[in-house]
Each structure stands twice: as C-alpha cells, then as structure tokens.
Amino acid sequence: MSILIDKNTRLIVQGITGRDGGFHTVKMKAYGTNIVGGTSPGKAGENVEGIPVFNTVRDAMEETEANTSVIFVPAPFAKDAMMEAADAGVKLIICITEGVPTLDVVEAYRYIKIKGANLIGPNCPGLISPDKSMVGIMPTMIFKQGSTGVISRSGTLTYEVVYNLTSNGMGQSTAVGVGGDPIVGLYYQELLEMFQNDPETDSIALIGEIGGDAEERAAEYIKKHVTKPVAVFIAGQQAPPGKQMGHAGAIISSGSGTAAEKIAAFEAVGVPVAKEPSQIPDLLKSRL
Amino acid sequence: MSILIDKNTRLIVQGITGRDGGFHTVKMKAYGTNIVGGTSPGKAGENVEGIPVFNTVRDAMEETEANTSVIFVPAPFAKDAMMEAADAGVKLIICITEGVPTLDVVEAYRYIKIKGANLIGPNCPGLISPDKSMVGIMPTMIFKQGSTGVISRSGTLTYEVVYNLTSNGMGQSTAVGVGGDPIVGLYYQELLEMFQNDPETDSIALIGEIGGDAEERAAEYIKKHVTKPVAVFIAGQQAPPGKQMGHAGAIISSGSGTAAEKIAAFEAVGVPVAKEPSQIPDLLKSRL
Amino acid sequence: MKIHEYQARELLASYGLPVDKAYICRNVDDAVRAYHELDAPLVVVKAQVHTGGRGKAGGVKLAKDEIELRQHAANILGMDIKGFIVDRVLVVKAVNIASEYYVSYVIDRKSKSTILMLSREGGMDIEEVAHNTPEKIHKIVIDPLIGVPDYLAREAAFKLFDDIKQVREATSIFQKLYKLFVDTDASLAEINPLVLTEEGQIKAIDAKMTFDDNALYRHPKIAALFEPTEEEKKEQNAKSKGFSYVHLGGAIGCMVNGAGLAMATMDMIKLYGGEPANFLDIGGSSNPTKVIEAMKLLLSDKNVKVVLINIFGGITRCDDVARGLLEAFNQIKTDIPIVIRLTGTNEKEGRELLQGTKFHLAETMGEAGRKAVELAVSY
Amino acid sequence: MKIHEYQARELLASYGLPVDKAYICRNVDDAVRAYHELDAPLVVVKAQVHTGGRGKAGGVKLAKDEIELRQHAANILGMDIKGFIVDRVLVVKAVNIASEYYVSYVIDRKSKSTILMLSREGGMDIEEVAHNTPEKIHKIVIDPLIGVPDYLAREAAFKLFDDIKQVREATSIFQKLYKLFVDTDASLAEINPLVLTEEGQIKAIDAKMTFDDNALYRHPKIAALFEPTEEEKKEQNAKSKGFSYVHLGGAIGCMVNGAGLAMATMDMIKLYGGEPANFLDIGGSSNPTKVIEAMKLLLSDKNVKVVLINIFGGITRCDDVARGLLEAFNQIKTDIPIVIRLTGTNEKEGRELLQGTKFHLAETMGEAGRKAVELAVSY
C-alpha cells in the first residue's frame, strides 16, 4: 500500500496545454501515472501525448471517471481551478501553482472540505508513491519503492531527504510535499495519521521549516497517536525574524515560528531532529 | 415515538421578548414543551415566564444544551437568526416568520444543510407531537396523541384536517406544517420517510396546495417507498392562474402547479384525494 | 412583481450586459423621433405590457422606413393584449440574427436554490421547449454561498457556444446576470433570446424580470417601478394592510385566516354549488383594525351577497377576530348576512363575544359552507 | 506588504469606520498648521514608520499647546526607530479614553481561515497579552463562504461591550473591517486600541494593515503604497525577476532553488563554520535569463567571497540551470570561486554541460557545503 495515490489513481491535468502542465504531463506519464485526461477551455477534442483534452473538469469526469486532479494553471486562476475540480467530484486535488493569494486558498479550501474532497498544496511539488504513481513535479529518478513515509513543507528539500533515504537503501511508501504557503490543504496531522494507518509504512520523515506552529502541533500529535519511528529536519535556523524566506509561509513573526522552538517541541516528545538532511536515514534506522 | 420533537426536545425561542415570541412561549410552555432558553440581544439576564434570556444562541446553547430552536424574529432578520442557530449547533430549526425574502431562505437553507441541521419553514405554523411537545403556533387543544402523521403546506388547513381527525377518534403522532413559501426546509419526501420509519405512525395525512410540483414528486415517492395508508387533500381548485394565493408559493405558473395535476398524480399512484378536509379520516380508516 | 421589458433592459445595461440602445415612446411622434435617432435600416416596434405573447398578438413589428414605423406605432399603441392596453412602445434597431439562445436565472423549488436555465432553442416559448424537448434545456443549480464562479459560468457557456471567444463573452454575461438577479432579489431574470449576430456579437434582444415581493422593502427603486392594474391595486392595497386578496367574481365573499384554508374555503363553496367572490387571507398575526379593513374591502365588491368568515386560530387569536368583527360592524352598516365559523386559539372567548349578535354562527367548515351557499341563493 | 498607520486610517475611513480626522506632516510647519486646523485642547504627534514599538522609542507624544507641538514634531521628525528614519508624523486630536480594546482580522494557519481576534486588553502589545493571559483573547473563526453575518459580529461585540448601543456600533465596525480585509486581500487588519471615549463614542485610535504580496497584482492602489527600504528594494527587485532574496551579511553567497533547500543550505554553511551571505531562492520554474539575473544580484554583494549553487531539479530542469550558468559567466567576468551541486530532473544533461568548466562540482549537499566553507576561508 501507500497513501493517497497508487495504481488506482486516475488523474486529470488542469492546464494540460500550458508550458509547465505539458512538460510535467510527459514526465508523469513516463513514470507510469495513469493520466486519463486534461483540461483547457476551448481545446476539447485535442490531445496531449495521446491524452484527451476537455473544456471543463466536469466533462473530463464524465468521460474518464477520474478521481484525482493536478493543477498547473497560473496563480490568478488557481482558486477557480480548485473549486471546479471539487464541484465536479474530484476527491483528491493537488495544486502545484505558486503565488496563489491566501484568501483564494482559504475560500477554495473551505469549499473543497464541504464537497468532501482533499487538497494538497498550493505551492507544492505534489506527491509520489514510488513505482505506482507520481502526481506533480517530483524528480522521479531519486525515489525508490519502500516503507518510509515522507511529509514536507518544502519541495527541493524533500528531494534532498529522499535522495539520502534512497542512497541509504530506504525506499519510500509515499512522499508528500504539502506546500510552503501559510494556508495549504493536507498537513502534518492528517498525513501522520494516514502513514500511521498504512501497513506498508514503517517509518516517517517529517521536514519542517520556520513559520507558524504546525510542527509544534505535529509533535503533540506524534506523542499521542504515532507509534512508528519519526525523524525530523527543520530548515531555517539562520533565518532572520520578520523576513519571508521564499515560501509565503516561511516567516518568523513576532518571535514565534522559529526553528529553535520547533526543534525543541520535537525533542520534548522524543522525536529526533537531524542537524542536516543527510542524517535522517540513520535516525530512522536506529529506531526501526 | 413521534418524529422530530418529543419529550427530549430542549427548545430555545429566538425572539422571545417580542410580541409573538412572548405570546407563543407562554402557549408552548403551558402545553409542556421543554423551553430551556430564549434569545434577545441585549436582554441577557432577564427572563420570560421564568425562562432565561440570552444575548446569542451560542450563549444559550452553552448554558442549556438545547437541540431545537424556534424563530419569531421579523422577516428582515430571519435569515440571520436561522444561520445563527445552525452555527451555534442547533440541529432542528423551526422558522415561523412569514414574508422572508426567498434568496434569504436559499442561503440560510444551504448553510443549515452544510451544518448538518434541519430546517422547518419559514412561514410555517411549526409542529406538534401531541402530549409531548409543541414547537410553533399550533392551537394545541385540537390535537390528540395517536398514530396519524400529518404533513401540510398550510397552517390553518392543517388545523382543519386535524380537527376532523381528532373528532373522528384519530389522534396524531406528529403534525408538521412545512410552510407556504416556494423554498422551505423539510418537505413531503423527507417527512414521508420519517413517518414511514416511525413505528408509532400507522397512517399519513398529506395536505397540499397549488404551486410547484412537490405533490407530484411526493406521489412518486409514496409509490416507491411508503407502505402505510396515505390520504391527501389539495387546496386551490378554484384558484386562477398567475395569481399568488396568499402563500408566496401558492401560484399556478404557465399552467403548471394546478390542483388538477396534483390530484391526478396522487390518484395515478392509488393515493385517495379528499374532496373536502372532513373526508380525510374516513379515507384513512378504510385503508387501515 | 413584474416590470416592463424596457425597464429590465435598463437594469441589464447598468450591469454591463450587452443591450442595444432603445427608446421608449408613448406616442407616434416620439416613435418617429426615436426612428431618426437610431438611424438604422430596420427597426423593431415592441409593445410594453405586463403579459407574454406580444408577438402572436401583433404587438411586435419590424419597420423598414418611417411610413411603416408610423403605421406600426399607431397600431400597437392603444392595442389590447390579454386585457392590457398598450401605452408605451419600445423602438430599437433590428439586428441580423445568426442564432438565438435562451438564458434565465430562476428560483427552483426542487433544488431549493437559484438555477441557471439554458437552451440553444432561443426565441421560443421556453415552456413549450421544456414540454416537447426537455433534453434541449440545461439546468445548472447555483450554490448561493459561492454564486457563479468563472468555471461554472464557463461550463454553462460551453452548453450554448463552441467558439472560445463567444464562450468567454457568455461567461461574463452569465456572471453579470447572476449578480443582477441576486442584487435585486429577482425571482426571474430572463434573456430570450440572447442572440449571436451575423457580425459575431452576443446581444440580449429581449429581457424579462420579476421580483420577490417579500424583498421589495430593500429595493425601493425597483418597488417604485410597480404599475398595478386596477385589480392589482386592490390586491396591493389589501397587502399593505397585511392580507392577501384575489378577486374571483362570485357572490360569496370569503374572509379566512391562512392561505390554504382560504383556498379550501373557496373550493368548498364551489363544491356546494356556490361561487366564491374572492380569496381573502387575513394572514398570520392579526389585530381588530386589520379585520375592519378586511371587511371594508370585502363589502366594496358589489357582487357580494353573503360573507363567509372562516377562522381557525393559530397565531391569530379568535377573541381578537371576534372583537375586530364587532368593531367592524359597528362602523360598517350592512344588511348582508354574515356566516362565521371560529375555532382554535382562544376560541371559547371568541365565540362568547359573538353570542347573541346578528351573525350566523357555524361549528364546522362544512356547515358554514352550506349555510353560506343557502343564504346566497335565498338572498 | 506594510503600510503606514495614516494610510491604514484612510482605508478604514473609506469603509465607514470611525477614525478621527488626522493630518500627515513632513515638517514642523505642517504640524503647526495641522495643530491649528484641529483646534483641540490636546493633540497627539505620532511617528509614521514601518515598525512597532514607536511609543517606547519616544515616537508618540501628547502636545497641549503650540510650543509643545513644535518641540515634539521637531524631535520625532528625523528620529531613528529600529533603523527606520521618521520622515512623517501624524497629528490628531487626543480623545478622552474610557476603555481600550483590541480588534483584528488575521489569517490563521491552524483553522486555515481568517480569524477575528478580540480582547478587552486593548492598547497593549497583543503578543504579550496572548502570552501572559491567553484567556483574555477571543478568537472567532470566519467561514469565508458566509463572511461575518450580523449574528457573528454581534457575538463578537458582546465579548467586548455590555451596553446594547455599543454592541450595535461594534457589530457594524467588525463587519466593515472584515469587508476591508477581504476587499484588499489583507493579511492583517488591526485596530489597537479601539476605544470607548468618555463621551460614549467608539473610535479607532490606531490602525495597522499588512497585505498579501501574492494578491497585490489585483490591488494596484495598495501596491502603489509600497515604500521599500534599501534592502527591501533589492528583495523587491529580485522578486520582480521571479526569485526570493534576503540579505544576511556573510561571505558565502547562496543560490538555491526552493525555499526549504535554500534555508537548509544556509543552515549547513553555518553548521560547517561558514557564514551565509544571503538567502536566494530562484523559485520553481526557471529560464537562463533568470539565472543570469540571480548571479548578477549575488555578485553585487561585495562581501561575497564564494558562491554556492545548490540545485535540486523538480520543476526547474538542471540543463536549463547549467545553460543559464554558462551564459551568465560568459557575461559576468569574476574570479570568485563557484561551487555547484546539481541533482534532479535532467541532471545528467546539466552535469555534462558543466564538465570541464572552471566550476567546482560537488555530488552531495554536504560536500558542496564543506567545499564552499573551505574556499571562503582560503580565499
């Protein structure tokens, strides 16, 4: 098993005819992801790499019985794309787009919840269940099927950790980049629960960064509900307060949201924190 | 048993200090309805007939663990009152107020559904489970505990039918006035289902009127799902097309919504239709 | 509440919807001036009345020159269309229609929401299309909490148009029309037809709007557009006093509390061989003054030979009704027989107040109905 | 993005919120004129700077006459508050405060929504209140689909006020402030303090707003209020080119794709005994021009002795990065050593392009970090 995506994933690419959408469609398809359709208003009837293009997500859903969609549309249209997917009945929506206004995400997220669907992102690299399915922009060659679950607020930092895991013979059940914005969909708690319940996952790598207090809440959650080994890396020890470090969500506000606080929270509940990403595999191995 | 309300009903009266709210609070309490609180902004700490008044429904819920609310506020404030009740966690909301703008009801109804609650009304007389609880403005003395369920779009016409049932020795399990507006909450289908599932109900009186096609859909539903005897009365055979007959919902539009169509729909599925309200008891008795 | 086409067009235009400039004319000279202002090879003269079927009645005509224009304007002004006398015509340039569509927002009882109705069969009676070819009508349910986002308007637009440029225009039209619908508490906002011109433009050629009477209090500008017929004035007057009145024409005047019971009372009079004079619902809460006003209204109908008062007390208390009746008949002297049936809240107090008066008291609805019909025949 | 108090006050006023008339003054003479215009027994002179703690720094002073006013204005103008030089003061009449409250709308990560924060402990540093007496802070989560209906605003108002008249005023204030918050895509809209005056009026005495940078594209009027510091100009300039830059001051310039990896790179440099010169995230998608611009920016910092380029290719393809680097170094002649670590999408093609160039290539992040620190020491 794995979480969220696997061989049963039937994917729609929203914005399939765009530069990024097209490029990553090729990559996802090459990896074996079952892409059943794409959308681009006015381009119904065309195809991208043999994948049929539809005008609307509803049309695509009717024709393809998709269950997952990935969004590559520009930021001003991301809210509409997320809501369109939810309204059409897509149950897992992954928004790659970065720079989406926060209040757009707040509204889309609420609507998606009402529709009983799940959101990953925005401003995220997507997720991968190695050798089964990849949805997003993950560099697939670094992943390997296995039993470590990976959860991360950062894209490239995820790859760094995964690269180290794979190099150390530790494959991944599923790796999820939750996104770097202040408000995104699925987060530590929901994903920790899924990994805890997934029989194929035996350990979890959690990659956090400065800003907010989600890591602190994750530490609490781990203490109460997670029995599998967890190792953590937190980025941003050198970040100055009040400065946004790339991600809209990565900012130390009024002295809270620091890496030090987050590291302390995990250490307080006995979860080891790596000094650099390459230490994660050993921290997990020593606890398995 | 009965449906929706009984001795476990814990009622809040929204607008308890108003003329109508106050008057009917006295009547409901006299009947034995368990009124645990009322609301009137700015009047917290006062009481009406010994019932504590709160500023907000949330405050009332926190103090009283109510499960039902009845709304007597003026029409311009009804939408807000319905949403306030739903947001505070009330699971059954009865709105008596008449003249509420339709789009207000559309929005409140949607919100109430999202909150997992039920709405009865607006522009309705409420409901009664005789000898257990009465919520609304029903003239309690005409009701008698028994096993006929009553569903009606009209207030006073309900009383007329109930008066005839009671005179004929047929008590009621619950009688619900769903309201006369084009858009109201619980309607024939949901209530037929509840009565069908209620072991104490052995027959159902359904009172319809011109406008819309809810009666036609109810007839279809009865055919498929209702095994208990049902008798129907439809008001408005003499109503001219295009004229609103008092209720905002009672209007024959473009030749559809006529009494003749509705009567035909019930007769087509074998449900007897009374020529005048006084025939209902015999129509049910002959089928029990 | 209904408004005229030209008023609906003005509302549409104020929301940025594509409506051609048009002139409203109350006489032939105005129509001629409008014709010259428009300076178009072909114009349309359209009767402005609060009823459908203008076309079939000859109320919509094309004019290719001033002579035709004069003829049509003269013919249409003063015309009687289903009892409505035309006192205004709209003059607007004719467009070259490539195709016609139907678009409306309307309150839908089944989904308990607003729906967007669409059809490629525009320019026709939509009820006929719905009846004969229901598959040609698309209905999109609007979630009031999110309205009509781009994607939903676009989904709708693709149901009518194939070209992406036209889809984009229609998307914007559907969003603006929804905003107008909600902002004005409409119960119908219809464009029929919405046309694609041969020049490739999308335009609203006709517009119809009706409004939720319950919401007019928050739209004084729209309420001001109300143009009641004589009958509607009476109904309106009744409404302003808190009751609902519809004139029917028979001899037995009815005063009932509750719309359902009022309808049932009418139906019962008919069942016993009588003819109801009216529908009159004195509404939920009541006070004596209201009852007095209701009686005045009833008795102003000279056909009324008998009055049947059927009250089942819920929110309306029987003693209030009885007091109102006694007060009313202190003021209004009449020999017309009054049948009263009074049950419900405070019924004992109400009946006691009426004992020993000239009123005919009945215990049941059937008894009251039979008595009223009997009195109407013998009167 | 931050704006000044006086700009926030203007926004509040334009939404009908109760803000007293105030004058913004760039010199003492202006301040004196403002004093006379106000014609008040007591006025306040307030420094306008993009930082908190003005009061403690002496940037807010009461003046009871022209002499005091002149003194304070002269002292405050030109003052350095946490590195910000005051070039404007606000002059406003002082009010008689009966009680002070805290009100703000802010984006809340936990509830993934906007929250309304309220406290009867107004006029103080709210983080201190939150830390010491969290029970004195109320948080109300706003459902974005319904906003702040009357009942919710009223619930909030009852948390601050007991008198129903004040509750009604506060209800309206909370609704208007939410509208402003949403209409402008704010990330914070704070009134601290909201006061009840001794005369019984409710007034916003200070206002603070910050805005979502991602949404500025749809608010050009607010974007126009941006007043960057020199450092922010550099960051802004970087942003306009599609990357994120924060100056830190060390010797090792970093160019990384992805914010998390960029932070981890900084942390690693520190871990190995070096000092990062900056945070520089070249972002998701990339093109050669962007890389050139990033290198130019990096090298404009004269403290930079070594550049560490750490690229893990996801949406950014390594061959694009390599080509960009080669092009960049064709244009920018520099002797500064460049350490490159390149992995991910198209990594083979990327590495091949860089083989045999002057760049120091590293396989792992650790190796790259150690090499950069080593070079910075020996350089």
Side-chain angles (χ1 to χ4, degrees), chain A residues 19-20 24 27 75-76 96 98-107 109-111 114 125 137-139 141-142 152-160 163 180 182-183 207 209-210 212-214 217 233 235-240 243-250 254-256 259 275-278, chain D residues 52 107-110 112-114 125 127 142-145 181-182 185-187 212-215 217-218 235 243-244 246 248 256-264 266-271 275-276 279-281 283-285 310-317 343-347 364-366 369:
Chain A
R19 181 186 185 271
D20 288 343
H24 292 288
K27 295 276 178 194
I96 307 301
E98 67 176 291
V100 183
T102 305
L103 286 177
D104 284 8
V105 184
V106 164
E107 196 173 331
Y109 175 78
R110 173 76 175 124
Y111 187 67
I114 286 173
I137 59 173
M138 299 274 197
M141 74 285 279
I142 62 166
S152 174
R153 276 170 71 178
S154 160
T156 45
L157 190 49
T158 315
Y159 314 154
E160 190 64 42
Y163 183 78
I183 311 287
I207 300 144
E209 63 186 30
I210 55 162
D213 64 351
R217 284 182 280 122
F233 178 78
Q237 298 195 56
Q238 297 306 310
K243 289 286 183 187
Q244 191 174 292
M245 304 304 278
H247 291 159
S254 321
S256 88
K275 286 206 162 30
E276 53 179 311
S278 59
Chain D
I107 297 291
D108 177 53
R109 295 177 188 227
K110 191 178 166 196
K112 306 191 187 198
S113 196
T114 304
D125 179 353
E127 273 111 21
I142 310 302
D143 178 343
L145 301 187
F181 182 89
V182 169
D185 274 293
S187 38
D212 179 2
D213 292 339
N214 283 341
Y217 73 89
R218 55 189 179 198
E235 293 168 14
F243 35 79
S244 300
V246 177
L248 297 169
V256 191
N257 71 322
L261 191 61
M263 280 187 274
M266 287 156 41
D267 292 351
M268 188 191 53
I269 287 166
K270 183 80 179 176
L271 189 69
E275 290 290 340
F279 167 94
L280 174 57
D281 169 15
S285 64
N310 188 9
I311 302 289
F312 214 113
I315 211 164
T316 308
R317 294 173 254 180
T343 328
T345 309
N346 294 8
E347 76 174 70
T364 68
M365 206 169 138

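So you know, we letter chains A, B, ... as the sequences are listed, proteins then strands, and number each from 1.
Within the 4.5 angstrom heavy-atom criterion, no atom of A/S278 approaches chain D. For chain D, the nearby part of A/M141 is the side chain; its heavy atoms alone come within less than 4.5 Å. Both the backbone and the side chain of A/P182 come within contact range of chain D, with heavy atoms under 4.5 Å apart. The parts of A/K275 that come within reach of chain D are both its backbone and its side chain, each placing non-hydrogen atoms under 4.5 angstrom from that chain.
Not a single donor-acceptor pair under 3.5 Å links the side chain of D/D212 to the backbone N or O of A/P101. Here the side chain of A/T156 pairs a donor or acceptor atom with the backbone of D/N257 at under 3.5 angstrom.
Using a 4.0 Å cut-off between a side-chain N of Lys or Arg and a carboxylate O of Asp or Glu, D/K110 and A/D213 do not qualify as a salt bridge.
The candidate from D/M266, D/E235, D/M365, D/K112 with the greatest count of non-hydrogen atom pairs under 4.5 Å with chain A is D/K112. Per-residue counts of heavy-atom pairs under 4.5 Å with chain A were compared for D/S113, D/G260, D/S244; the largest is that of D/G260.
For the residue pair D/L271 and A/E276, the shortest heavy atom distance occurs at CD2-OE2, 3.9 Å. Considering every non-hydrogen atom in both D/A264 and A/L157, the closest pair reads CB-CD1, 3.6 Å. Closest approach of A/E107 and D/L145 over heavy atoms only: CG-CD2, 3.7 Å.
In this structure, CD in A/E160 is found 8.0 Å from CE in D/M268, a value given to the nearest 0.5 Å.
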- Task: Could you check D/L261 against A/Y159 for side-chain contact (heavy atoms from CB on, under 4.5 Å), going step by step and ending with a plain yes or no?
- Result: CA-CA 9 Å; D/L261 191 61; A/Y159 314 154; over 6 Å; no
